[in-house]
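Everything below concerns the one structure shown next.
For the single chain, residues carry numbers from 1 onward in sequence order. Basis for what follows: all heavy atoms, side chains included, without hydrogens, waters or symmetry-related copies.
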Amino acid sequence: MPTVNDDDDPASRAALLRVLGHAYRHLDLLPHATTIGDALLATVARHARPLWTPQLTVTAERALCRATHAIRRAAAQAGDGRAWWHVEVIGHDRPSPDIAILTVRPWRRLPFQPGQAVPVCTPRLPGHWRWLSPANAPRADGTVELHVRAVPAGTVSHRLVHRVRPGELLWLGPPVDTRPEPFAD
């Protein structure tokens with residue numbers, strides 16, 4: 001399930017918006033986006049009461065407005081279909097110290113075509129996404145291989161290569177025809 005991350009990574013933010021846009025459209029949440037945002041803001045204000053100021057309210061309302069518009073734009077660009085797929089890691093091979101070949105099996109068939117990329121998230125780093133291009137179209141059993149090169153510690157790719165093991169679950173977002181820019185972890 002997608003969550004908001006706390007860094008300023010444009011690729012991760014783009015993947016999160018893509019997943020949220022699909023979720024809002026798929027679950028028909030767009031008519032309720034303002035209500036959802038207001039409820040979120042009221043909850044934060046209630047729990048941050050000693051620190052909450054009128055100036056912070058204005059700042060938070062502006063940020064919420066920008067976020068709601070971004071989600072609406074993403075939903076307008078989203079196609080029909082699922083917002084994300086749960087996949088189980090069924091294989092984790094390490095041909096070299098910083099590369100892993102993950103074999104994953106979606107719970108439902110992934111509508112992936114060669115040349116597309118998918119956003120990937122691990123519960124080991126919730127809300128952070130990495131764009132990957134699967135190495136194959138879904139096989140007859142639905143499995144897909146993800147070839148991952150680890151980049152510095154603290155990133156999604158580092159966790160996928162060094163920590164994720166068979167039996168763990170990941171989330172894959174909706175496939176896109178080209179890799180969005182910037183393509184970074």
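For the pair His92 (side chain) and Val161 (backbone), a donor-acceptor distance under 3.5 Å is present. Of the possible polar contacts, none joining the Thr143 side chain to the Thr103 backbone as a donor-acceptor pair under 3.5 Å is found.
When every heavy atom of Pro106 is checked against every heavy atom of Val87, the shortest pair comes out as CA-CG1, 3.5 Å. Minimum heavy-atom separation, Pro95 to Asp93: CD-O, 3.5 Å. Residue Gly167 comes nearest to Glu88 through the heavy atom pair CA-OE2, 3.7 Å, listed as atom of the first residue, atom of the second, then distance. Here the closest heavy-atom approach between residue Ala117 and residue Phe112 is recorded as N-CE1, 4.5 Å. The minimum heavy-atom distance linking Trp129 with Gly173 is given by the pair CZ3-N, 4.0 Å.
The CH2 atom of Trp84 sits 15.0 Å away from atom CG of Leu170, with the distance rounded to the nearest 0.5 Å. Residue Cys65 holds its SG atom at 11.5 Å from CG of Leu41, rounded to the nearest 0.5 Å. For the atom pair OG1 of Thr122 and CZ of Arg159, the computed distance is 8.0 Å after rounding to the nearest 0.5 Å. To the nearest 0.5 Å, atom OG of residue Ser96 and atom CD1 of residue Ile101 are 9.0 Å apart. Atoms NE2 and CG, from His158 and Leu125 in turn, are 10.5 Å apart once rounded to the nearest 0.5 Å. Atom OG1 of residue Thr68 and atom CZ of residue Arg73 lie 10.5 Å apart, to the nearest 0.5 angstrom.
Using a 4.5 Å heavy-atom threshold, the side chains of Val164 and Arg124 count as touching. Between Pro134 and Leu146, some side-chain heavy-atom pair lies under the 4.5 Å cut-off. Side-chain contact between Ile36 and Leu40 is absent, with no heavy atoms from C-beta onward closer than 4.5 Å.
In this structure His147 satisfies the side chain to side chain donor-acceptor pair (under 3.5 Å) test together with Glu145, sequence neighbours excluded.
Clustering ILVMFWY residues whenever any of their side-chain heavy atoms sit less than 4.5 angstrom apart, transitively, puts Leu56 in the very cluster that holds Val44. Leu169 and Leu160 sit in two unconnected hydrophobic clusters of ILVMFWY residues. Membership requires side-chain heavy atoms under 4.5 Å apart, directly or through other members. Under a hydrophobic-cluster definition in which Ile, Leu, Val, Met, Phe, Trp and Tyr are linked whenever side-chain heavy atoms come within less than 4.5 Å, directly or via other members, Val156 and Ile99 are assigned to different clusters.
In the displayed structure, His162 atom NE2 is contacted under 6.0 Å by more than 12 heavy atoms of other residues, nucleotides or ligands. Shown here is Arg108, whose CZ atom has no more than 12 heavy atoms of other residues, nucleotides or ligands within 6.0 Å.
Residue pairs satisfying the salt bridge (Lys or Arg N to Asp or Glu O under 4.0 Å) criterion with at least one member in residues 109-119, sequence neighbours excluded, are absent.
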